[in-house]
Amino acid sequence: MELNCSSPKTIPVVSTFTGKGSDSSSTRKPISLWPGMYHSPVTNALWEARSKIFERLLDPPKDAPPQSELLTKSPSQSRTTIFYNFSSDYILREQYRDPWNEVRMGMLLEDLDALAGTISVKHCSDDDSTTRPLLLVTAAVDKIVLKKPISVDIDLKMVGSVIWVGRSSIEIQLDVIQSPKEESDVSHSVALAANFIFVARDSKTGKAAAVNRLSPETEREKFLFEEAEARSKLRKKKRVDRRKLENGEVNQLEALLAEGRIFCDMPALADRDSILLRDTRLENALICQPQQRNIHGRIFGGFLMHRAFELAFSTAYVFAGLVPCFLEVDHVDFLRPVDVGDFLRLTSCVLYTELENPDQPLINVEVVAHVTRPEIRSSDVKPCKMHCIKYILFHIQRPARGKGHKEWI
């Protein structure tokens, strides 16, 4: 059967992407076709802006030596800003709109990870094309806090910079800023704050590699550096003491286990206002596709956070029967890389609820990712864990989907 594209009954299909350098006959793969164009518009814009650095990352010189001398950089040298023109760009607005006319928080998490990656590359670059670049990966997210709702109809700005470095680790602070025209105080305009931790590896040996030093210049930068230094010491202490529980925590745990045993052994006598944790569980499974990879060929960490967050939201929604309002993510750990072709299972459950204010109950959800590799009978790899995604419920119903806007109560 002959394929005839000129037939009037044939509808030709072409790529919807029209970036620069998309000519397939080019001998060098153009930046517009590198991984990232399959993610959000912001991720694609960030990766395109880093084209010169990406060329070194994707095609370093053979047998290139490592960076011989560490540089000292200021936070301002890595500071990067992304602007979302929601007020006038209808297509961009539709790409980020959720059913309740707010910004899809999962997509924003993906953008945060992409921006943090850009900032870490800026800080670690030595501007020497003869040395091999470092492999920079997301190790953890220390905290993500939503301070006020984010509208999809008002312009948005995302700003970040390196605030602390260790020997091979980097902490990056990101702020999402949105302010109505009548709002003049910038400090009140921060809608979301997040802290990402990246680690550097030698791209040839895979071992930990030293990163450029950081020299804070302003009082604000010095304050942020000291705060991050304290958090780093606390994380190290927690790793040592993670199996130790305080007496109060032990008593609370024993009480919860005792209540759970009543549910299992004597369900008719169990507390009617409680539910077993396993009965709140939801699961999502997918095969990781090439379109979800990052520049290193592994699955993009922002994509994993995106999927984990949306599963957590669904878990809280089904559990409560009301649309939950996101408050914060306590911690995200990236324990192992995820490869293209891996069978990924995301499992979520409600960890606990807080009823100190009955009119505004809090729901805490946890999501754990599992990688299953059927060919080698392996199913115990946990590459990613999102701890304590906290939601709050309001007893005032949100507007119908696509109609009006929810007011922050």
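Just so you know, residue 1 is the first one in the sequence shown, and it goes up from there.
Side chains of Lys122 and Thr80: a donor-acceptor N/O pair is present below 3.5 angstrom, by distance only. For the 3.5 Å distance criterion, the side chains of Tyr84 and Asp89 fail to qualify, holding no donor opposite an acceptor. A side-chain donor-acceptor contact under 3.5 Å links Glu171 and Asn195.
Ring-plane geometry between Trp100 and Tyr317 is classed as perpendicular, the angle between the planes exceeding 60 degrees on a 0 to 90 degree scale with a lower cut at 30.
A salt bridge links Asp142 and Arg235; the closest N-O separation between the charged side-chain nitrogens and carboxylate oxygens is under 4.0 Å. Taking 4.0 Å as the cut-off between side-chain N and carboxylate O, Lys222 and Glu217 do not count as a salt-bridged pair. Between Glu102 and Arg97 no salt bridge is recorded (no basic side-chain N to carboxylate O distance below 4.0 Å).
Taking CG from Leu136 and CD1 from Ile170, the interatomic distance works out to 5.5 Å, rounded to the nearest 0.5 Å. Interatomic distance, OG of Ser348 versus CZ of Arg281, reported as 9.0 Å (0.5 Å rounding).
In terms of heavy atoms, Cys288 sits closest to Leu344 at SG-CB, 3.9 Å. Heavy atoms only, all atoms of each residue included: Asp113 and Gly302 are closest at OD2-N, 2.8 Å. Summarising the geometry of Ser78 relative to Val162, their closest heavy-atom pair is OG-N, 3.1 Å, with the distance given to 0.1 Å. Between Thr72 and Ser215, the closest heavy-atom pair is CG2-CB, 3.6 Å.
With Arg104 as the partner, the side-chain hydrogen bond (donor to acceptor under 3.5 Å, both in side chains) test is satisfied by one option alone out of Glu110, His306, Gln95: His306.
Side chains of Thr280 and Leu351 form no contact here, defined as non-hydrogen atoms less than 4.5 Å apart.
Without hydrogens or angle criteria, Lys148 side chain to Gln178 main chain gives a donor-acceptor distance under 3.5 Å.
In Ile91, the CD1 atom is not crowded: 12 or fewer heavy atoms of neighbouring residues, nucleotides or ligands sit closer than 6.0 Å.
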Exercise. Would you sort out whether Arg79 and Glu221 count as a salt bridge (charged side-chain N to carboxylate O under 4.0 Å, His left out), showing the intermediate values?
Key: CA-CA 12 Å; Arg79 186 167 291 116; Glu221 289 170 354; 3.5 Å; yes

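Between Tyr96 and Phe86, a ring centre-to-centre spacing shorter than 6.0 Å is recorded.
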